[in-house]
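Order of the sequence lines fixes the chain letters, A, B, ..., with proteins taken first and strands second; residue numbering starts at 1 for each chain. The model shown is predicted, which means the values in this text are computed figures rather than measured ones.
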Amino acid sequence: MITVRFPDGLNREFPKGITGWEIAKTLSTSLAKEAVAVRIENELWDLTRPIEKDVAFEVIKRPSEIGLDVLRHDAAHVFAEAVKELYPETQITIGPSIQDGFYYDVFREESFTPEDLKRIEERMHEIVNRDEPVTREVWDRTKAIDFFKSQGELFKAEIIADLPEESEITLYRQGNFVDLCRGPHLPSTGKLGHAFKLMKIAGAYWRGDHNNPMLQRIYGTAWSNEKDLQTYLTRLEEAEKRDHRKLGKEMNLFHMQEEAVGSVFWHPKGWTLYRLLENYIREKISAEDYLEVKTPQLLDSSLWEASGHWDKFGENMFIVKDEDKTLALKPMSCPCHIQIFRQGLKSYRDLPLRLAEFGACMRNEPSGALQGLTRVRSMVQDDGHIFCREDQIKEETRKFCLLLLNVYRELGFEEIIVKFSDRPPVRAGEDEVWDKAEAQLEAGARASGLSYTLNPGEGAFYGPKLEFILKDAIGRDWQCGTLQLDFVLPERLDASYIGEDGKKHRPAMLHRAIFGSLERFIAIFIEHYAGKFPLWAAPVQAIVTTITQEGDAYAEKVFEKLQAAGLRVEKDLRNEKINYKIRELSLQKIPYILVVGKREAEDGTIALRKLGGEAQEILALQDVIDKLESEAIPPHKRKLME
RNA sequence: GCCGGAUUAGCUCAGCUGGUAGAGCAACUGAUUUGUAAUCAGUAGGUCGGGGGUUCGAUUCCCUCAUCCGGCACCA
């Protein structure tokens with residue numbers, strides 16, 4: 001007999017060799033039905049694997065996070081089996097579960113078409129209906145390699161050959177299909193159910209290296225039941241409606257066109273939003289004693305050579321020939337800020353010196369990387385560089401982190417991913433310097449109460465960095481804010497200050513941005529609010545409209561009053577039905593519609609309709625103005641007023 | 001840059017296997033003066049992304065370039 005310890009602390013005896021599934025059945029039939037795997041000690045096991053000794057035991061249920069992981073992994077195997085049945089010439093490589101589903105990377109000379117995907121999906125359903133038992137086998141390494149080679153599965157053979165010596169080679173068999181896998185898997189293909197769907201075909205390099213051949217990556221989604229699958233598909237549809245490219249067009253905020261790839265034409269409304277956010281952040285940093293500057297766009301190559309960018313970044317710089325000179329459009333403002341720092345002698349008393357710039361930068365990004373406003377070739381960074389003494393790094397870091405968190409919170413972002421990236425394998429500077437740099441940056445981050453994950457080896461070559469990441473509507477990560485500590489650039493461009501000791505010292509340099517780029521941040525901002533901006537940020541805050549032309553004169557008066565109160569207001573006096581106008585103005589996502597008809601004109605009132613609201617509210621004109629004025633106060637001024 | 005898909009009216013899209021194009025909305029004109037998410041009628045609008053090829057004939061098939069979309073790689 002063996003003793004099995006349950007999560008609630010209870011122990012029970014079972015015969016040696018009992019399986020997790022059998023144990024689950026003794027607990028309850030519904031539990032056994034929902035079970036997809038078991039946790040034995042800290043390992044996930046198949047339901048059908050015999051347990052030979054005393055263990056801690058837990059049933060992994062279908063809809064749980066880990067349960068879904070198991071399901072999705074099974075879906076990947078069923079996918080691979082279907083592909084091998086239909087297109088035996090295909091080589092399979094890896095097929096992990098991911099957020100919301102799975103993918104499988106396969107190699108085949110011919111490309112799969114969307115029609116092929118349909119066929120594969122049908123075959124997957126057949127395989128589920130066949131309810132093939134899934135069994136686990138432990139193989140000898142050499143035998144496994146030979147087996148996969150004999151099957152023409154060269155990628156699989158390579159994976160096994162590269163596995164660490166001590167690792168056990170486990171294969172899972174279902175029907176005629178055998179795949180290398182750590183497991184665990186469901187007892188049979190029928191357990192997977194039918195709540196899955198193949199989503200899209202993409203390319204991916206073998207082992208993530210662009211020197212390797214490109215494989216075909218097929219993405220799928222898989223869920224515990226049909227309802228969850230439907231919910232997910234609906235969620236995707238909803239998310240697509242928030243896409244900033246779509247809303248940018250619908251709301252007439254901006255456009256892009258072929259003649260200016262990667263650059264933005266801001267329309268009046270989009271530019272209003274842009275300026276509001278720019279001014280907001282300007283006021284925020286100004287309160288933190290940053291000094292705003294403006295530096296040149298076009299600089300001689302010698303500066304970029306001295307800074308090291310010519311070497312490290314040259315491929316991404318736009319070069320301009322001018323007579324016998326070679327100039328480059330700036331891809332970043334750091335070297336320029338150092339030039340300002342270098343003007344005149346700086347004393348330790350001047351530090352920390354915080355320079356800020358809305359720096360227009362041009363980067364020749366790879367064509368395939370461009371994407372709406374989130375990845376452009378021409379952008380404006382809310383850039384800033386803090387020149388300070390080494391002993392000031394921690395405090396400057398702390399202050400920056402607090403400022404950034406405060407900004408993100410004020411703008412409505414609750415979910416922020418923060419990563420701390422430390423020294424990369426190839427780097428400038430002594431290890432001692434890195435020790436100090438990492439310690440200080442981390443201490444500062446911690447002092448601000450920030451929680452972050454470690455991103456080992458991903459720092460810049462000149463120093464460690466903090467990355468602040470926001471998600472777009474469909475859940476993609478975008479780095480927005482950043483704080484990077486740099487001892488290299490001040491050295492290269494010879495920045496110095498006179499210390500208390502009367503001698504020259506190198507300042508430390510902190511590169512920092514809160515939005516990252518205005519373009520990217522606005523994209524995320526649009527998607528976050530689905531275009532329904534808070535009143536202070538709405539390009540048009542209110543619109544006055546009439547029921548009949550009898551209301552025109554009063555509407556003009558209302559319009560003027562609101563305008564005089566500093567509100568961004570428009571009027572719609574068209575001879576159209578009120579229903580039509582309400583619909584149209586609502587679709588434009590204008591926060592407030594002020595309807596005036598005969599009654600309102602006579603009473604000096606407004607029928608106020610809020611975006612998304614069902615009903616309207618009848619208020620005196622002055623009350624409406626007061627209400628909108630107070631709601632339109634930007635978040636950073638709000639607290640001061642209270 | 002790489003893999004796949006897409007590109008038709010201002011917008012959203014239809015157009016099977018080749019016979020030079022359609023709808024809805026928007027625009028314009030007229031009628032309608034309307035009480036909270038689409039009033040009616042009429043008019044006009046297209047080198048079917050650019051270039052080349054096959055063909056009697058190409059929006060449709062082939063090649064090529066560009067851009068966009070989804071991934072991959074890249075993102076100092």
Practice task
Would you mind classifying the nucleic acid contact of L585(A) as base, sugar-phosphate or nothing, using non-hydrogen atoms under 4.0 angstrom?
Solution key: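 Here L585(A) touches no strand at all.
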Exercise for the section: Go through the side-chain N and O atoms of Q440(A) and T397(A) and say whether any donor and acceptor fall under 3.5 Å apart. Expected result: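 Judged by distance alone, the side chains do not pair up.
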Exercise for the section: Using whole Å, report how far CD of E576(A) lies from P of G30(B). Expected result: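 These atoms are roughly 14 Å apart.
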Exercise for the section: Tell which nucleotide pairs with A41(B), taking only Watson-Crick or G-U wobble pairs whose two distances are both under 3.5 angstrom. Expected result: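 For A41(B), the partner nucleotide comes out as U29(B), under the 3.5 Å rule.
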Exercise for the section: Count the heavy atoms of every other residue, nucleotide or ligand shown that sit under 6.0 Å from NZ of K532(A), and state whether that count exceeds 12. Expected result: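 12 or below, so no.
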Handout entry: Side-chain donor/acceptor contact of R375(A) with base of C74(B) under 3.5 Å
Key =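 Yes.
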Exercise for the section: Could you state the atom-to-atom distance from OH of Y554(A) to P of U33(B) in whole Å? Expected result: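 About 25 Å, once rounded to whole Å.
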Practice task
Using a 4.0 Å heavy-atom cut-off, write out nucleotides 62-72 of chain B from 5' to 3' as B (base contacted by protein), S (sugar-phosphate only) or - (no contact).
Solution key: ----SSSSBBB
Problem - Candidate list I606(A), I582(A), T546(A), test side-chain contact (heavy atoms from CB on, under 4.5 Å), partner V595(A), passing option - result: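 Running side-chain contact (heavy atoms from CB on, under 4.5 Å) over I606(A), I582(A), T546(A) with V595(A) returns exactly one hit, I582(A).
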Practice task
In whole angstrom, give me the gap between the P atoms of U64(B) and G57(B).
Solution key: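 The same atom, P, in both gives a distance of 23 Å.
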Handout entry: Exercise: do Q339(A) and T295(A) side chains pair donor with acceptor under 3.5 Å
Key =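 Judged by distance alone, the side chains do not pair up.
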Within the sub-3.5 Å range, which N or O atoms of nucleotides 11-15 of chain B have a protein N or O partner, and how far apart are they?
| from | atom 1 | to | atom 2 | distance (Å) |
| --- | --- | --- | --- | --- |
| U12(B) | OP1 | K249(A) | NZ | 3.1 |

Handout entry: R512(A) side chain vs D382(A) backbone, donor-acceptor pair below 3.5 Å
Key =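 Yes; judged by distance alone, with no hydrogens or angles, the pair exists.
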Practice task
Measure from the ring center of F413(A) to the ring center of F521(A) and say whether it is less than 6.0 Å.
Solution key: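 Distance test on ring centres: under 6.0 Å, yes.
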Problem - RNA chain B: 5'-proximal contact among K598(A) and M379(A) (nearest heavy atom) - result: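 By nearest-heavy-atom nucleotide position, the 5'-most residue is K598(A).
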Practice task
Determine the interatomic distance between P on G15(B) and the same-named atom on C68(B); round to the nearest Å.
Solution key: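 About 26 Å, rounded to a whole number of Å.
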Handout entry: G18(B) versus C56(B) - spacing of their P atoms, nearest Å
Key =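 It works out to 15 Å between them.
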Exercise for the section: Kindly say whether, by distance alone, the side chain of R609(A) makes a donor-acceptor pair under 3.5 Å with the base of A37(B)? Expected result: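 Answer is yes: a donor-acceptor pair is held.
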Practice task
Take the protein atom CD of E550(A) and the nucleotide atom P of G35(B), then report the distance between them rounded to whole Å.
Solution key: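 After rounding, the reported distance stands at 12 Å.
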Handout entry: side chain to side chain contact (heavy atoms under 4.5 Å, CB included) involving E442(A) - partner list, sequence neighbours excluded
Key =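 Only F420(A), R446(A), Y452(A) meet the side chain to side chain contact (heavy atoms under 4.5 Å, CB included) criterion with E442(A).
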Practice task
Tell me what P114(A) touches on the nucleic acid: a base, only sugar-phosphate, or nothing, going by heavy atoms under 4.0 Å.
Solution key: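 If one applies the 4.0 Å heavy-atom cut-off, P114(A) turns out to touch nothing in the nucleic acid.
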Exercise for the section: Could you measure between the two P atoms, the one in G5(B) and the one in G10(B), and give it in whole Å? Expected result: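 To the nearest whole Å, 28 Å.
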Exercise for the section: Please answer whether the main-chain N or O of R520(A) pairs with a side-chain N or O of S517(A) as donor and acceptor at a distance below 3.5 Å. Expected result: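 Yes; judged by distance alone, with no hydrogens or angles, the pair exists.
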Practice task
Could you tell me the separation between the CZ atom of F265(A) and the P atom of G10(B), rounded to a whole number of Å?
Solution key: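 In whole Å, G10(B) P and F265(A) CZ are 17 Å from each other.
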Exercise for the section: Please determine, for U7(B), whether a Watson-Crick or G-U wobble partner exists with both distances under 3.5 Å, and give it or none. Expected result: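 Paired with A66(B).
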Problem - Distance-only donor-acceptor test, E600(A) side-chain atoms vs G35(B) base atoms, 3.5 Å - result: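 Under the 3.5 Å cut-off, the side chain and the base do form a donor-acceptor pair.
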Exercise for the section: Please determine, for G1(B), whether a Watson-Crick or G-U wobble partner exists with both distances under 3.5 Å, and give it or none. Expected result: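 The answer is C72(B), by the H-bond criterion.
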Handout entry: Residue H210(A), side-chain heavy atoms: nucleotide from U39(B), G35(B), A73(B) that is nearest
Key =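 Selected nucleotide: A73(B).
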Exercise for the section: For Y205(A), enumerate each residue passing the ring pair (Phe, Tyr, Trp, His ring centres under 6.0 Å) test, keeping only those at least two apart in sequence or located in another chain. Expected result: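 Counting only residues at least two positions away or on another chain, Y205(A) forms no ring pair (Phe, Tyr, Trp, His ring centres under 6.0 Å).
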Can you tabulate the close N/O pairs, meaning under 3.5 Å, that link protein atoms to atoms of nucleotides 23-26 of chain B?
| from | atom 1 | to | atom 2 | distance (Å) |
| --- | --- | --- | --- | --- |
| A26(B) | OP1 | Y580(A) | OH | 2.9 |

Exercise for the section: List for me each residue that meets side chain to side chain contact (heavy atoms under 4.5 Å, CB included) alongside A202(A), sequence neighbours excluded, and say none if there are none. Expected result: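 With neighbours one apart ignored, the set is Y219(A).
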Exercise for the section: For atom CD of E415(A), decide whether the heavy atoms of other residues, nucleotides or ligands shown that lie under 6.0 angstrom number more than 12. Expected result: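 Incorrect, the count does not exceed 12.
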Practice task
Give one of base, sugar-phosphate or nothing for A615(A), where a contact means two heavy atoms less than 4.0 Å apart.
Solution key: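 The answer is nothing, as A615(A) stays clear of every strand by at least 4.0 Å.
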Exercise for the section: Please check if atom CD in E89(A) has more than 12 non-hydrogen atoms from other residues, nucleotides or ligands closer than 6.0 Å. Expected result: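 Yes, CD of E89(A) has more than 12 neighbouring heavy atoms, counting only those of other groups under 6.0 Å.
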Problem - Partner nucleotide of G18(B) by Watson-Crick or wobble geometry (both distances under 3.5 Å) - result: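 Across any shown strand, G18(B) pairs with none.
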Problem - F112(A) CZ - G4(B) C1' separation (whole Å) - result: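 About 13 Å, once rounded to whole Å.
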Practice task
Could you measure between the two P atoms, the one in G35(B) and the one in G71(B), and give it in whole Å?
Solution key: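 Straight-line distance between the two P atoms is 47 Å.
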Practice task
Ignoring backbone atoms, test whether S111(A) places a side-chain nitrogen or oxygen under 4.0 Å from the OP1 or OP2 oxygen of G4(B).
Solution key: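 Yes, because at least one side-chain N or O of S111(A) sits under 4.0 Å from OP1 or OP2 of G4(B).
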Practice task
Grab the CD1-P distance between I547(A) and U39(B) for me, whole Å please.
Solution key: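 Rounded to the whole Å, the gap is 15 Å.
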Exercise for the section: Mind calculating the distance between CD (E250(A)) and P (A37(B)) to the nearest angstrom? Expected result: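 Interatomic distance, CD of E250(A) to P of A37(B): 20 Å.
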Problem - Rounded distance in Å - CG (L198(A)) to C1' (G5(B)) - result: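 Between C1' of G5(B) and CG of L198(A): 16 Å.
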Exercise for the section: Could you check whether the rings of F102(A) and F79(A) sit parallel, tilted or perpendicular, using 30° and 60° as the cut-offs? Expected result: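 The arrangement is tilted - the two ring planes meet at 30° to 60°.
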Exercise for the section: Determine the Euclidean distance between corresponding P atoms of U12(B) and G70(B); express it in Å to zero decimal places. Expected result: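 It comes out at 15 Å once rounded to the nearest Å.
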Practice task
For U7(B) versus A14(B), give the span between their C1' atoms, rounded off to a whole number of Å.
Solution key: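 Roughly 15 Å separates the two C1' atoms.
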Practice task
Using the six-membered ring wherever Trp is involved, compare the ring planes of Y87(A) and F112(A) and label them parallel, tilted or perpendicular (cut-offs 30° and 60°).
Solution key: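 Correct class here is perpendicular.
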Exercise for the section: Using Watson-Crick or G-U wobble geometry with both distances below 3.5 Å, tell me the partner of U54(B), or none. Expected result: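 Check on U54(B): unpaired, no WC or wobble geometry under 3.5 Å.
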Problem - Nearest-angstrom distance, P atom, G19(B) to U60(B) - result: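 To the nearest whole Å, 11 Å.
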Problem - Residue whose closest nucleotide on RNA chain B lies nearer the 5' end, Q549(A) versus Q484(A) - result: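 First, find each residue's nearest nucleotide; the 5'-ward one identifies Q549(A).
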